[in-house]
Amino acid sequence: MSSQTLYDKLWHSHVIRSEPDGTALIYIDRHLVHEVTSPQAFEGLRLNNRPVWRVSSILATQDHNVPTTAVKEITDPVSRLQVSTLDENCKSHGITEFAMGDPRQGIVHVIGPEQGATLPGMTVVCGDSHTSTHGAFAALAMGIGTSEVEHVLATQCLLSKKAKSMLVRVEGVLRPGVTAKDVALAVIGEIGTAGGTGYAIEFGGSAIRGLSMEGRMTLCNMAIEAGARNGMVAADETTIAYLRGRPYAPTAQQWDAAVAVWKTLHSDEHAQFDRVVDIPADSIEPQVTWGTSPEMVTTIGGKVPDPARETDPTRRQGIEKALSYMGLKANTPIADIEIDKVFIGSCTNSRIEDLRAAADVVKGRQVSSRVKLAMVVPGSGLVKAAAEKEGLDRIFTEAGFEWRNPGCSMCLGMNDDRLEPGERCASTSNRNFEGRQGTGGRTHLVSPAMAAAAAIAGHFVDIRNL
Amino acid sequence: MQKFTTHDGLVAPMDRANVDTDAIIPKQFLKSIKRSGFGPNLFDAWRYLDEGQPGKDNSNRPLNPDFVLNQARYKGASILLTRENFGCGSSREHAPWALEDYGFRAVIASSFADIFHSNSYKNGLLPITLSAEIVNDLLHTTLSHEGYRLTIDLPEQKVMTPDGRAFTFEIDGFRKYCLIEGLDDIGLTLRHAEEIKNFEGSRRAAQPWLYVESAR
């Protein structure tokens, strides 16, 4: 067989049958479920009297609506009904669910890998666009809509068409203070939020191989912000070491056989990609978004752009609308932008390494008096416990941060954690869309260390100068 | 699913790029456990001057007079015309549900985000991709001609203008067939249940660690 990309290997190993137009029925190994995009799918099964095809392929949790404060019950009756509907659906089908109060509960894209429920070579789906996260494990992972959730529940398959392939290659060594989040934002700045539409992106190169699993998850998580339904990284020793001993990972007898398969999960030497994007590692600096789309991004040393200098009328109008919404003036240095709130969390940046990076910056310092709220929301109960064991919670609380319970929280504000109109937030989440963190709220996407530094200074600062 | 064959409808122009799913239907409405009723909250933050909440009566909320769908000339529009990367962002199927519930049968754009694109087909909402030049031209024509309508012919894969021009669009054969017939994907897939079982059986034999029944 000729040289294959990682995507080719993952795709071909899951195709059950193909239609003449290329539409394929692909088999799904792992289905992650949360409360927001599943109720209508379970309802559809009930109405048509269809069973769940393979219950053990499913892992469910509650994350979008859950409160992050100490309260035991959700006060909003609409949210409460959505969460209890998931409980009932899981109970009636016998599906494993990490519900509120379970120490393993957390953001679906944090708990899958944490449990070893995401394994190399799998197809992983979830009714959530950030499912691309799981591609960090050399898995074919993609976000799906609710009709597709129902389709997977009923048939264990997805109807899909093979995408084009893109290699984003980052060779070299990342500079100090530059993280996977900065790489992700730099890639989106380079190719745009539609640059990856129709592609499956593989991230490769020595800088990517040098990333931890947490970093690779951050990067693949943001593939969807570049328009790509899948992001992925080849399996290597880092992947294998991360998975050893996790609850759903292969046991002793099967471990060696599994590892032998996983070691084949990389693009072959001469594999051809439809598009290759090269970004030298040492060209990447800490990133800050200034607008209402993740592609509206610049470096910490940069300035808010001037729409007058944009020649394309649609783009100029986009910049004008964004600056108006964000309450920013053209040519303002990014480091002069003052913030009201800080959010460290989300499926992008709420894992233990993210919290360590933020705590390193915060240690021995105080949150600026102009910052109304700085909060840290761990990605899961297990991340929270691990952080507390290391004393990170005390570093944050002593500096004036709030230390919360796990959930999606202010990434999208479906619970009570929201921005008020006009408030400006340094956020480690993934989307800076209008109203995303609360109606009228203004989001600037940054890495955990950059968010922590902004909390201390009250405005954006270059962490390399601290 | 509602069938789609041909459709003649009033066009509403949304002259911007990168319209995201948070704009199409804001997160507070995602708490619903139903598939219907999202139409009154389509583009909620742009459409109303106050903040919408699930369960709130939308009939007496203050409308934003500058928002395109609030203009009398676009009342009853069933074709949305917009620029590139429409539907970017989250996987929420509530976005096509809201567009469909409002009364849209088709969205014409110069490009679509992948997940929104596939979600639309599942709900009888036809996403049509035309070149940026044609979209630009149609946007100008719609803005300058009150009551501007287009006719969509799915079997022929054409968008036709009142002055007799026709633009061809691409669509996967399988999706076209499902839309025209109004077919349920799941029923179609289950016709291949034996093949799925066979595939699953061989996979389980080759890689048994993928079939762990519960956590250790």
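As a basis for the values below, the full set of heavy atoms in this structure was taken, side chains included, without hydrogen atoms, waters or symmetry mates. Letters A, B, ... mirror the listed sequences (proteins, then strands); counts begin at 1.
When atom types are taken as modelled, the side chain of A:Asp21 and the backbone of B:Phe174 share a donor-acceptor pair closer than 3.5 angstrom.
When heavy atoms are compared at a cutoff of 4.5 Å, A:Glu150 approaches chain B by way of both its backbone and its side chain. Neither the backbone nor the side chain of A:Arg315 has a heavy atom closer than 4.5 Å to any heavy atom of chain B. At a 4.5 Å heavy-atom cutoff, the contact between A:Thr85 and chain B is made by side-chain atoms alone. Residue B:Phe112 touches chain A through its backbone alone, counting heavy-atom pairs closer than 4.5 Å. A:Ile16 touches chain B through backbone and side chain together, each having a heavy atom under 4.5 Å away. Within the 4.5 angstrom heavy-atom criterion, no atom of B:His117 approaches chain A. Interface residue B:Glu51: only side-chain heavy atoms are found under 4.5 Å from chain A. Looking at A:Thr314, the atoms closer than 4.5 Å to chain B (heavy atoms on both sides) all sit in the side chain, from C-beta outward. In this structure, chain B has a heavy atom under 4.5 Å from the side chain of A:Trp53, while its backbone stays farther away. Looking at A:Val152, neither its backbone nor its side chain comes within 4.5 Å of chain B, counting heavy atoms on both sides. Neither the backbone nor the side chain of B:Ala95 comes within contact range of chain A; no heavy atoms are under 4.5 Å apart. Contacts of B:Lys34 with chain A are made by backbone atoms alone, with heavy-atom separations under 4.5 Å and no side-chain atom involved. Looking at B:Asn119, the atoms closer than 4.5 Å to chain A (heavy atoms on both sides) all sit in the side chain, from C-beta outward. Using a 4.5 Å cut-off between heavy atoms, B:Lys176 makes no contact with chain A at all. Only the side chain of A:Val261 has a heavy atom closer than 4.5 Å to any heavy atom of chain B. Of the atoms belonging to A:Gln317, it is side-chain heavy atoms, and not backbone ones, that fall under 4.5 Å from chain B.
Considering SG of A:Cys157 and CD1 of B:Ile196, their distance stands at 3.5 Å, rounded to 0.5 Å. Put simply, CZ on A:Arg431 and CG on B:Asp22 are 7.0 Å apart, with the number rounded to the nearest 0.5 Å. With rounding to the nearest 0.5 Å, the separation of CD1 in B:Ile186 from CG in A:Asn48 is 7.0 Å. A distance of 9.0 Å separates CD of A:Gln254 from CG of B:Leu210, quoted to the nearest 0.5 Å. Rounding to the nearest 0.5 Å gives a distance of 9.5 Å between OG of A:Ser147 and CG of B:Asp184. With rounding to the nearest 0.5 Å, the separation of OG in B:Ser32 from CD in A:Gln82 is 7.5 Å.
Heavy-atom pairs under 4.5 Å with chain A peak, among B:Ala113, B:Cys88, B:Ala206, B:Ser118, at B:Ser118. Chosen from B:Asn198, B:Leu190, B:Leu188, B:Asn136, the residue pairing most often with chain A at heavy-atom distances under 4.5 Å is B:Leu190. Contact count against chain A (heavy-atom pairs under 4.5 Å) is highest for B:Glu200 among B:Arg35, B:Gln28, B:Gln207, B:Glu200. With chain A as partner, the option from B:Arg16, B:Arg92, B:Arg83, B:Lys27 having the largest number of non-hydrogen pairs under 4.5 angstrom is B:Lys27.
By the 4.5 Å heavy-atom criterion applied to side chains, B:Pro26 and A:Glu434 are not counted as neighbours. Residues B:Arg204 and A:Arg54 form a side-chain contact, since some pair of their non-hydrogen atoms from C-beta on lies under 4.5 Å apart. Looking at A:Phe433 and B:Asn18, their side chains never come closer than 4.5 Å, going by heavy atoms from C-beta outward. A heavy-atom distance below 4.5 Å is found between the side chains of A:Ile224 and B:Ile115. Side chains of A:Asp76 and B:Lys31 form a contact here, defined as non-hydrogen atoms less than 4.5 Å apart. The shortest side-chain heavy-atom distance between A:His64 and B:Leu30 does not fall under the 4.5 Å cut-off. Using a 4.5 Å heavy-atom cutoff, the side chains of B:Arg203 and A:Asp29 are in contact.
Checked by atom type, the side-chain pair A:Arg436/B:Ser90 shows no donor-acceptor distance below 3.5 Å.
Within a 6.0 Å radius of CG in B:Asn60, more than 12 heavy atoms belonging to other residues, nucleotides or ligands are found.
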